[in-house]
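Worksheet for the structure shown next.
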Protein chains: 2
Amino acid sequence: MYEPSTSSEKSSEDQQRISDRGGALEAKLGHYLALTYSERDALRWLERRERTFEAGSIVIREGEETALLHIVASGWLHGSKQLPDGGRQILRFYFLGDLTSTFSIAWNVSAATLTAVSDCTLFELPRDALGRLFRDHPRLGGLLYAVSAAEQVAMAERLTSVGRTDALTRVSTLLLDIRAQLRVVDGENGSVFELPLTLQDLGDAVGLTNTHVSRTLKNLEERGLVERDGRIIRIVDVDELTRLVDYHDRLTHVATDWLP
Amino acid sequence: MYEPSTSSEKSSEDQQRISDRGGALEAKLGHYLALTYSERDALRWLERRERTFEAGSIVIREGEETALLHIVASGWLHGSKQLPDGGRQILRFYFLGDLTSTFSIAWNVSAATLTAVSDCTLFELPRDALGRLFRDHPRLGGLLYAVSAAEQVAMAERLTSVGRTDALTRVSTLLLDIRAQLRVVDGENGSVFELPLTLQDLGDAVGLTNTHVSRTLKNLEERGLVERDGRIIRIVDVDELTRLVDYHDRLTHVATDWLP
DNA sequence: CGCGTATTTGAAAGGGCTCAAACGTTGTGG
DNA sequence: CCACAACGTTTGAGCCCTTTCAAATACGCG
């Protein structure tokens, strides 16, 4: 059913010189903090083993033994948990510069399944490379800690949405969330974006069935809050929707004044 | 309604010499890793400003400006988010040795409300004390990062429970979760514990109404899975319930082999 | 003892689910 | 380039789990 694809060798426009991809993590962390030359260098050293995965393929499966972390160099992924009854919960999405350490740093097996949503390129690094980074660049360690905390708050926000709000709010916050993350990657592309997710995926992210996500999106369209054209989503009025569902962006700004 | 209590001065058996309370964080982290003398010393240095809060009082409110972190020295707290419609989501509980940095390290305001469930004692420390810890003791920084990752996975587990399982499973996993955390604190106290939470609290933690939590607990009793006597909870067969609801303890073991 | 707060229980409503079928879309192979 | 298969989406009807609303009961505490 699912085929973990290894190193696909497509010669499309995706094919670039490897060095062009470097600096994903550096770019993300540099967004929060002015990095020194040696810090930049250390971050680039993490990005040497590159690997590509095609859309739909699984990078690591929940419960699978692994000593590797990944940095997203291009594309889009999600982390999910499987339930005994066949259900699935999508926990979060990963974009350019994200470090997928959360689910594999604290154990020798992965605590979640990592799936490529679009074709994507990842840098693989051994766990202890991160240990060395903490040792040699404690300020980066602290920054990683802060970013991890911000991501945890983002997940807390999703938990709140899933636990205590109705379908319309849940789907809306997810759309706003994805848009906010994509905006960092793609720059200021406003309120239109491609959503390469099935209704099943969306439902698994917000705790609804695909059928009900369908109805909810229809509802959002009828209210004039969202427009759809195939996989293209347009949020008609971002500010209005943000207010309506009380959405909070937790990832754009992170305090770093407490770092040494 | 809620009264933030400052420094209550009760002279019950809780009243001990201050130095007796120290080492909460040290004890917790020492559980995962053999600490050096200087690391222990550094951790104790964080625990100097002690403050007590009585049950029900609020330590920090969501949105309130703060530059402080807290280490739990005794008692029991929870972190929660408020919704515009009056609803509330409890995000996690905090016990002895827990560091409440997640919601206040990445911004200058707290991202959640921190409430004392029982009477409790906290150590207050400024955020930049943690920055210095990362600088001077990078191995502890890495360990804090790993522990934070484990806690994030625990929250992911709750999200999965709330998003994709029925009431009985949600309540059961919460009980097992609380028991697992208390067990670390109180030692091997088996399957009986006091639960100083209202049904409203339980519901806010798992995304149910208090009425339905009541019915669900009754259901658990009727099935012979749980016994109740006032606030005392007894899980009849922990292993059986663990299997039944596919619960995973994420906090007891954390990999540290990757640290420098 | 009496009051406020938490719990329990009941009846009815509703939001979201299940099941099922029809309809689009995409990609592939003849 | 069409046909078909596979997959995703939409829509409908009925049901069920959880909520809502309300009232009664139990509990703790001054």
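Because the structure is a prediction, the values reported are computed rather than measured. A, B, ... follow the sequence lines: proteins, then strands. Residue 1 opens every chain.
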Can you tell me how far [atom2] of [N] sits from [atom1] of [X], to the nearest Å?
X: B:Q200; N: C:dT5; atom1: CD; atom2: P; answer: 14 Å
X: A:D229; N: C:dG24; atom1: CG; atom2: C1'; answer: 13 Å
X: B:L217; N: C:dA6; atom1: CG; atom2: P; answer: 16 Å
X: A:H212; N: C:dG15; atom1: NE2; atom2: C1'; answer: 6 Å
X: B:R164; N: C:dG16; atom1: CZ; atom2: P; answer: 13 Å
X: A:L195; N: C:dT25; atom1: CG; atom2: P; answer: 17 Å
X: A:E221; N: D:dT10; atom1: CD; atom2: C1'; answer: 12 Å
X: A:L199; N: C:dC17; atom1: CG; atom2: P; answer: 13 Å

Counting the atoms with a prime plus P, OP1 and OP2 as sugar-phosphate, which does B:R170 contact under 4.0 Å by heavy atoms, base, sugar-phosphate, or nothing?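 Nothing: the residue B:R170, judged by heavy atoms under 4.0 Å, touches no strand.
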Taking OP1 and OP2 of [N], is either one under 4.0 Å from a side-chain nitrogen or oxygen of [X]?
X: B:T209; N: D:dT18; result: no
X: B:K218; N: C:dT9; result: yes
X: A:S214; N: D:dT9; result: no
X: A:T211; N: C:dC17; result: no

What heavy-atom pair brings A:Q89 and A:V206 nearest, and what distance separates the two atoms?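 For A:Q89 and A:V206, the tightest heavy-atom pair comes out as NE2-N, 4.4 Å.
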Lys/Arg-Asp/Glu bridge criterion (N-O < 4.0 Å) met for [X], [Y]:
X: A:R179; Y: A:D249; value: no
X: B:E151; Y: B:K28; value: yes
X: B:D201; Y: B:R88; value: yes

Is the base of D:dG12 touched by the side chain of A:R215 through a donor-acceptor pair closer than 3.5 angstrom?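 By the distance-only test, yes, there is a pair.
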Going by the angle between their ring planes, with limits at 30° and 60°, are A:H70 and A:F53 parallel, tilted or perpendicular?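 Plane angle over 60°, so perpendicular.
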Just compare [options] and give me whichever is closest to any side-chain atom of [X].
X: A:T198; options: D:dG8, C:dT9, D:dT19; value: D:dG8
X: A:L208; options: C:dT9, C:dG16, D:dT18; value: C:dG16
X: B:R228; options: C:dT8, D:dT10, D:dT20; value: C:dT8
X: B:A167; options: C:dC17, D:dT11, D:dT18; value: D:dT18

With nearest nucleotide decided by heavy atoms, which residue, B:N210 or A:G207, maps closer to the 5′ end of DNA chain C?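 Nearest nucleotide further toward 5': that of B:N210.
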